[in-house]
**Q** 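Have a look at the structure that comes next, please.
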2 protein chains.
Amino acid sequence: MPSDAIRAALVKRLRISSGITDDDVKEIEALPIVVRQFPAETPVVRDGERATDCCLIADGFCVRSKTIASGKRQILSIHIPGEIPDLMSLFLHVMDHELSTLTPSTLGFISHETLQKLHRRSPGIAEMFWRDTLIDAAMFREWIVNVGQRPAPARLAHVMVELRERLKLIGRAEGNSFDMPLTQEQIGEALGITAVHANRVIRQLRQEGIVELQRGRVTVLDERKLLELADFDGRYLHQSPML
Amino acid sequence: MPSDAIRAALVKRLRISSGITDDDVKEIEALPIVVRQFPAETPVVRDGERATDCCLIADGFCVRSKTIASGKRQILSIHIPGEIPDLMSLFLHVMDHELSTLTPSTLGFISHETLQKLHRRSPGIAEMFWRDTLIDAAMFREWIVNVGQRPAPARLAHVMVELRERLKLIGRAEGNSFDMPLTQEQIGEALGITAVHANRVIRQLRQEGIVELQRGRVTVLDERKLLELADFDGRYLHQSPML
DNA sequence: GCCCGGTTCCAACAAAAGTTAAGGACGCCG
DNA sequence: CGGCGTCCTTAACTTTTGTTGGAACCGGGC
């Protein structure tokens, strides 16, 4: 994938979540980006590392996670093409969590230096990126609620609905199915439950005819039931720049 | 409390988490701030509301929370004097969660308009505030891990140690005790457990001689055991501006 | 085609957490 | 100073989730 396609994905994303002017687009199109391929299940930036670049997903699925002393891992967010999962490293230089790929991925890297200069030059773009990191934080808040207050089946439903919502925006959730390339182990890590329990919950949703989940792909069987179970209110995604 | 004292608290805080220049201090000291008193247990900004100001805690404890359809509430963060708990509203205009007081509080309000102008004028201050919102997000990430992966006693210990760490920075955690003005109900809401279970966990920590908790005040009985249980690594607080 | 490793799936049992219910402590207000 | 409400406390019981261990399935590499 040429770096032009990556820029296009970013612009598309920013167009949705923030207001973007033609001048901004030109600035972004002039950004030097280094493209690299990563295999599946590979760390991109490690916890404790000092990042010098921000990473833009051109293709593939990534997750952010933290591992505690006991060895347990918590997945904090799932990322899809067009997103910049480690924009925060721009001002929080040493990573407090890990970014890794789920599937084979194409990532674009933009140096912190370049971005910092860009911000000084165009405060509008800085604000757009700032807003992006704030939406990130809003998603963390909802993730806390999910893990803290909802029963396990609702947690899974919520993650599915959120992911589908975001995939729709980039045109990757047509019909009633979409990709969610996590193993049951990883689903457990995302929901704060064990893999065994994740399996139970998946089976339950299948038996109740709500969703089918196999080989990293979700098929929605009963839209109504899914939405009711997920208790989903997309306001926290802040998809309209005017709100 | 005069608004000068509030400004001083803010400057003190920014001095710790970011590099702040003398010019920045002057700018902040010139900021128009409206001071208001709030009783305990009172909403300051409600979920779904459109905020026009950012709120600075001069005195008192506040929390941010989200309530789901079933009526369950999740506390997302605890805030102490010197912090700006709703800085995010600057770019995420409609609130996706609630900010409310725990104790009677003195809050200072700065209008979004004022802040936006300030950012355009001094990008350095903008970056400082941006960094502040990023630390906020880092704390959410750790909160996810706490609620998702740690057993209940460790969750409580972790929240206590984090709060103490932050209180130390503003000189409000001398000796082996500090304020944590949450009811057991609220502790449950913070940890993602019920009030009854929160009580069990508190009793357990008391019986094991780790901490005593009464009337909103924590007394540490066994520092070693507490730290071990909490599994605390303060890196996520990003306290040094150089890191 | 067949083996191998990782997933998925499942059951039985153990532990953690939720629910319900009720008594006691404490502070506030009349 | 007494009553009332909130919070804390505890017990008994239920439900959810974790643990252990094992079998079936699947895909890729030899």
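Here is the naming used below: chain letters follow the sequence lines, and residue numbers restart at 1 for every chain. All values reported here derive from a predicted model rather than from experimental measurement.
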**Q** Using atom types as modelled and distance alone, determine if a side-chain donor or acceptor of B/Thr42 lies under 3.5 Å from a backbone N or O of B/Ala40.
**A**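 Indeed, once roles are kept as given, a pair shorter than 3.5 Å links the two residues.
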
**Q** For the backbone of A/Val211 and the side chain of A/Lys225, can you confirm whether one donor and one acceptor N or O come within less than 3.5 Å of each other?
**A**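 Not confirmed, A/Lys225 side chain does not pair with A/Val211 backbone.
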
**Q** Pair up each side-chain donor or acceptor in residues 157-165 of chain B with any protein partner under 3.5 Å, not counting sequence neighbours, and list the distances.
**A**
{"unit_1": "B/His158", "atom_1": "NE2", "unit_2": "B/Glu142", "atom_2": "OE2", "d": "3.3"}
{"unit_1": "B/His158", "atom_1": "NE2", "unit_2": "B/Arg150", "atom_2": "NH2", "d": "3.3"}
{"unit_1": "B/Glu162", "atom_1": "OE1", "unit_2": "B/Tyr236", "atom_2": "OH", "d": "2.7"}
{"unit_1": "B/Glu162", "atom_1": "OE2", "unit_2": "B/Arg166", "atom_2": "NH1", "d": "2.8"}
{"unit_1": "B/Arg164", "atom_1": "NH1", "unit_2": "B/Glu223", "atom_2": "OE1", "d": "2.9"}
{"unit_1": "B/Arg164", "atom_1": "NH1", "unit_2": "B/Glu223", "atom_2": "OE2", "d": "3.4"}
{"unit_1": "B/Arg164", "atom_1": "NH2", "unit_2": "B/Glu223", "atom_2": "OE2", "d": "2.9"}

**Q** Would you say A/His93 and A/Arg50 are linked by a side-chain donor-acceptor pair, where the criterion is simply a distance under 3.5 Å?
**A**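 Checked: A/Arg50/A/His93 side chains show no N/O donor-acceptor pair below 3.5 Å.
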
**Q** Tell me whether B/Ser105 contacts the main-chain N or O of B/Thr103 through its side chain, where contact means a donor paired with an acceptor under 3.5 Å.
**A**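 Side chain of B/Ser105 to backbone of B/Thr103: a pair is present.
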
**Q** Sequence neighbours left out, what passes side-chain hydrogen bond (donor to acceptor under 3.5 Å, both in side chains) with A/Ser177? Give chain and number order.
**A**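 Checked A/Ser177 against side-chain hydrogen bond (donor to acceptor under 3.5 Å, both in side chains); matches are A/Arg217.
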
**Q** Please write out each protein N/O paired with an N/O of nucleotides 22-29 of chain C under 3.5 Å, distance rounded to 0.1 Å.
**A**
none

**Q** Can you sort out the partners of A/Arg206 under salt bridge (charged side-chain N to carboxylate O under 4.0 Å, His left out), two or more places apart, ordered by chain and number?
**A**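 Salt bridge (charged side-chain N to carboxylate O under 4.0 Å, His left out) check on A/Arg206 returns A/Glu212.
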
**Q** Strictly below 4.0 Å, heavy-atom distances to any atom of DNA chain D: list the hits from residues 193-206 of chain B, or just say none.
**A**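 Under 4.0 Å from DNA chain D: B/Val196, B/Asn199, B/Arg200, B/Arg203, B/Arg206.
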
**Q** Which residue pairs satisfy the salt bridge (charged side-chain N to carboxylate O under 4.0 Å, His left out) criterion with at least one member in residues 185-204 of chain A, sequence neighbours excluded?
**A**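 Qualifying pairs: A/Arg73-A/Glu189.
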
**Q** Do A/Gln37 side-chain atoms and A/Pro104 backbone N/O form a donor-acceptor pair below 3.5 Å?
**A**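 Side chain of A/Gln37 to backbone of A/Pro104: no pair is present.
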
**Q** Please confirm whether the backbone N or O of A/Gln186 pairs with a side-chain atom of A/Thr183, one donor and one acceptor, at under 3.5 Å?
**A**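 Flag set: sc A/Thr183 to bb A/Gln186 pair under 3.5 Å.
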
**Q** Let's see if you get this right: which residues in residues 181-192 of chain B place a heavy atom under 4.0 Å from DNA chain D?
**A**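 B/Thr183, B/Gln184, in order of number.
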
**Q** Using modelled atom types and a 3.5 Å cut-off, is there a donor and acceptor pairing between side-chain atoms of B/Gln149 and backbone atoms of B/Asn146?
**A**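 Not a single qualifying donor-acceptor pair exists.
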
**Q** Pull out every residue in residues 141-160 of chain A that has a heavy atom closer than 4.0 Å to any atom of DNA chain C, ordered by number, or say none.
**A**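 By residue number: none to list.
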
**Q** Just do the salt bridge (charged side-chain N to carboxylate O under 4.0 Å, His left out) check on A/Arg46 and A/Asp96 with the steps written out, would you?
**A** CA-CA 9 Å; A/Arg46 288 201 175 71; A/Asp96 55 42; over 6 Å; no

**Q** Which angle, rounded to 10°, do you find between the first-five-pair axis and the last-five-pair axis of the helix from C/dG1-D/dC30 to C/dG30-D/dC1?
**A**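 Between the first-five-pair axis and the last-five-pair axis there is 40°.
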
**Q** Chain A on DNA chain D: first and last contacting nucleotide, 5' to 3', under 4.0 Å to a heavy atom?
**A**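 Under 4.0 Å from chain A, the extent on DNA chain D is D/dT17 to D/dG27.
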
**Q** List for me each residue that meets side chain to side chain contact (heavy atoms under 4.5 Å, CB included) alongside B/Asp233, sequence neighbours excluded, and say none if there are none.
**A**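 Per chain and number, B/Asp233 pairs via side chain to side chain contact (heavy atoms under 4.5 Å, CB included) with B/Arg235.
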
**Q** Determine, step by step, whether A/Asp179 and A/Arg172 satisfy the salt bridge (charged side-chain N to carboxylate O under 4.0 Å, His left out) criterion, reporting the C-alpha distance in whole Å, the side-chain angles of both residues, the deciding distance to 0.1 Å, and the verdict.
**A** CA-CA 8 Å; A/Asp179 287 328; A/Arg172 293 199 35 171; 3.7 Å; yes

**Q** With no hydrogens and no angle check, is any side-chain donor or acceptor of A/Thr101 less than 3.5 Å from a backbone partner on A/Glu41?
**A**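 Here the side-chain-to-backbone pair exists.
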
**Q** So, the side chain of A/Trp143 versus the backbone of A/Leu191: is there a donor-acceptor pair under 3.5 Å, distance only?
**A**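 Not confirmed, A/Trp143 side chain does not pair with A/Leu191 backbone.
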
**Q** Which residues satisfy the salt bridge (charged side-chain N to carboxylate O under 4.0 Å, His left out) test with A/Asp136, sequence neighbours excluded?
**A**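 Residues passing salt bridge (charged side-chain N to carboxylate O under 4.0 Å, His left out) with A/Asp136: A/Arg64.
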
